[in-house]
Amino acid sequence: MAAQTQTQTQTNMGSKMKLFVKDAVSRYTYILCAVSVVGAFYVLNPRFLSMYSVQNMLVEAAPLLLMAAGISFVLFTGCIDLSTGAVASCVCVLTGTYVARVGHGIIPLMILLGVAAGFANGCIVTKLKVPSFIVTLCAQSVWKCVALVQSGGGSKNIPIASRSLVLWASKPFLHFPAICWIALAVLMIFFFIQQKSVVGKNIFAVGANERAARMAGVDTAKAKIYAFVYSGLGSALAGMIYAYKLKSSVPNIGDPLNLMAISAVALGGTLMSGGKGSVFRTLVGVLTVTAISSGMNMAGVDAFWKDIVYGVVLIGAIAVNSEKGVRDLVVR
Amino acid sequence: MERDHEKRAAIADQFKEKIRRETRGERLRVYMPIILLLSLSVLFAVYDSRFFSPANITNLLYQMTIPLILATGITFVLLTGCIDLSLEGVMGLAGSSIALLILNTKNSNDFGAIGVLVPIAGCALIGAVTGLIHTKLRIASFIVTFAMGSITAGLAVLTYRGVPAVIKVGWANDLSVGSFWGVPYLTWIALGIFAAGCVLLYCTAFGCAVYAIGDNELAAKASGTHIDAVKTAVFAICACTSGIAGFISCVRLKIGQAAMGSDQLFPAITALVIGGVSLSGGKGGMLQTFVGVLIYTELQNFLTIIGVDAYYKKAVQGVIIIIAVAMTVSRSRKTISK
């Protein structure tokens, strides 16, 4: 009898151990993934981690980081935002075109535009109850139209006379360009919102179980709208950083960014069905995606492969992270 | 006792009224697109007499070809409640690989009909893979197809590596300009595919299963429908029609380029939602799709005639989709839209 109990406890211990290991592995997969990607490229080419290369990567990562951090909130609620790339393009074009005339006043204006774009998405999703991917797909077409009409279809340089207005962004500050520090600061703010504010908690509650959240008295519509506003804000900042970094307005700069941003968030282990994730995880995901992109460049891989790789990464990351325990869940 | 009876009668009346209101809404939803089509036709004809000139009717027939093929395929997907955002990539992949396999300027391949059929079959296979990923790994369809769209678009560019192939076969020209009974060959192909879609949807057990899944997936599952198999087939059908659309586009443009697929997804979805196919699944059908394609084509044609900038057209489409979906979404159901 005693022996039987002992074996039972042992098996219990064994399964508990297994569960613990499984839990730990699934919890830290994203870091493992980032480390292995960086490690692999480092082995392929030791210059991958040279100071110059790292600086380059961080400059590449800055706009993506802003966009991905914003989009994370939308994914926390279980919705999706496909319009971020187009908003970034639009803001990039408007910044490039008007910075000479408006000066630094363009920054609050563009932030306002991003907030308005997100607010519109959020309102249509919550008030008209249209699925978010449809709303944002349509918003994408609208913002792309604004970008193309405003720019006339081609990219334009910011005139030399007003270059001094945008040069500060590329100046190094403590080894890294100012835009990297801005991206990091905004990420910190987003992290604070996620961890400490009521809105942040509500966003997670909506993602985990919308009906339960509503019954518990959470204003679900407000939480969703806030999530979309953060996403629009992040995209607008990303677009502005591109304008400052490239010193020109490019109407299709954001096209590939949307897929990259969503892939980065998924790589960080944030659930696409909502309720689980973190902006910090997104940071690691963005670094991984940037490492893949610049590592492929350094290894001399054809640029044609990029879209394919991001697509595969997106599906793979989601497949690894998705919850398979729930059997009766209807997935559409 | 009597009061109880009265109460019951009142409840029955309320219920009847509710049912009546719902059926009225339903009827409105069914006839609305047709009324819209007729009124738009009349409006356009009055605004510009050239709208129904023989030349413009041929134009309209040409313009509806690709949207009709794509819409036929995606109707199945939308009826199950899923969505396919990979149309554009698959279409580009089919077009560019077909151009490389038939007589072209880039290599010495000349496989003829096999060179057309194999890529289309390959597309169906890609669609099946999409369906399997969606059903077996339980990932939402819009994100799977979003990723698949970018993968296939990348593959399309990779097939020709920068410089697209120009096709040189003689029949391509005959096929793209020829017509029979005043209707272009290409439109006949589209109509044929549409008819096949109708048969598949309305006359087979598979069609019933598609409706059942769209209406209530759990109920369909409980009554023994093979959900995963049907959904996989649905995505394969959609990718197959995208492949055919890629072939048509390739024949018309005489060049196999990945960009042929860009901006083709929107027309298909716009046509469906205007026609009255519900995005939440189970409502609508091929006839709604057909009416939707007609409305869409007329609108596009009219915007071109009055000289609207191509940039604005897409934005207009986006706004139309949101309005159409917002009008048809049933708010009475307590589903959560994500």
Side-chain angles (χ1 to χ4, degrees), chain A residues 77-80 82 124-135 137-149 153 207 210-211 220 256 258-259 262-263 266 272-274 302-316 318-319 322-324 326 328-332, chain B residues 80-83 85 89 133-144 146-155 157-158 161-162 216-218 221 263 265-266 269 273 279-281 309-323 325-327 329-331 334-338:
Chain A
T77 67
C79 297
I80 196 162
L82 301 176
I124 297 172
V125 168
T126 53
K127 304 294 174 205
L128 299 181
K129 302 222 169 136
V130 181
S132 60
F133 69 88
I134 281 289
V135 174
L137 199 65
C138 297
Q140 184 187 30
S141 79
V142 171
W143 291 115
K144 233 184 220 169
C145 164
V146 175
L148 285 170
V149 168
E210 185 164 349
R211 212 163 284 170
T220 54
N258 209 338
L259 176 70
I262 296 176
S263 303
M272 290 289 133
S273 45
D302 242 337
F304 305 135
W305 281 98
K306 270 193 186 159
D307 275 352
I308 304 176
V309 170
Y310 293 139
V312 172
V313 162
L314 178 57
I315 293 182
I318 297 172
S322 63
E323 280 178 81
K324 292 174 199 71
V326 197
D328 266 354
L329 190 73
V330 176
V331 181
R332 278 188 158 169
Chain B
T80 62
C82 300
I83 192 149
L85 304 177
I133 294 175
H134 164 56
T135 52
K136 298 298 174 197
L137 299 180
R138 311 184 70 77
I139 306 176
S141 61
F142 69 87
I143 201 119
V144 179
F146 180 56
M148 279 311 254
S150 104
I151 293 174
T152 44
L155 284 175
V157 182
L158 204 61
R161 289 182 174 265
N216 189 340
E217 189 168 330
L218 291 178
K221 195 179 188 180
D263 300 347
L265 172 71
F266 248 57
I269 296 183
V273 295
L279 274 174
S280 48
D309 195 353
Y311 292 148
Y312 288 111
K313 271 199 223 162
K314 253 195 110 184
V316 169
Q317 279 173 30
V319 175
I320 288 175
I321 293 187
I322 293 189
I323 295 172
V325 176
M327 272 163 62
V329 146
S330 56
R331 278 180 204 75
K334 276 189 180 161
T335 45
I336 294 162
S337 59
K338 274 199 170 169

Considering only heavy atoms and a distance below 4.5 Å, find which of [options] pairs most often with chain A.
options: B:L85, B:T135, B:L158, B:V157; value: B:L158
options: B:V319, B:I143, B:L265, B:T152; value: B:I143
options: B:G154, B:S150, B:G318; value: B:S150

Worksheet item: Are any of the side-chain heavy atoms of A:I134 and B:I83 separated by less than 4.5 Å?
Response: yes

Item to complete: For A:A266, check side-chain contact (heavy atoms from CB on, under 4.5 Å) against everything at least two apart and list the hits.
Response: A:M272, A:L314, A:A317, A:I318

Worksheet, complete the sentence: Looking only at heavy atoms, the pair that brings B:A147 and A:G311 closest together is CB-O, 3.6 Å

Side-chain donor-acceptor pairs of residues 139-146 of chain A under 3.5 Å, sequence neighbours excluded:
from	atom 1	to	atom 2	distance (Å)
A:S141	OG	A:C138	O	2.8
A:S141	OG	B:K314	O	3.3

Discussion item. If we check side chain to side chain contact (heavy atoms under 4.5 Å, CB included) with B:F146, which of these qualifies: A:L259, A:L137, A:I315?
Written reply: A:L259

Worksheet entry | A:L82, part contacting chain B, at a heavy-atom distance under 4.5 Å | side chain

Worksheet item: What part of A:L148 gets closer than 4.5 Å to chain B, counting heavy atoms only: side chain, backbone, both or neither?
Response: both

Discussion item. At a 4.5 Å cut-off on heavy atoms, which part of B:L155 comes close to chain A: side chain, backbone, both, or neither?
Written reply: both

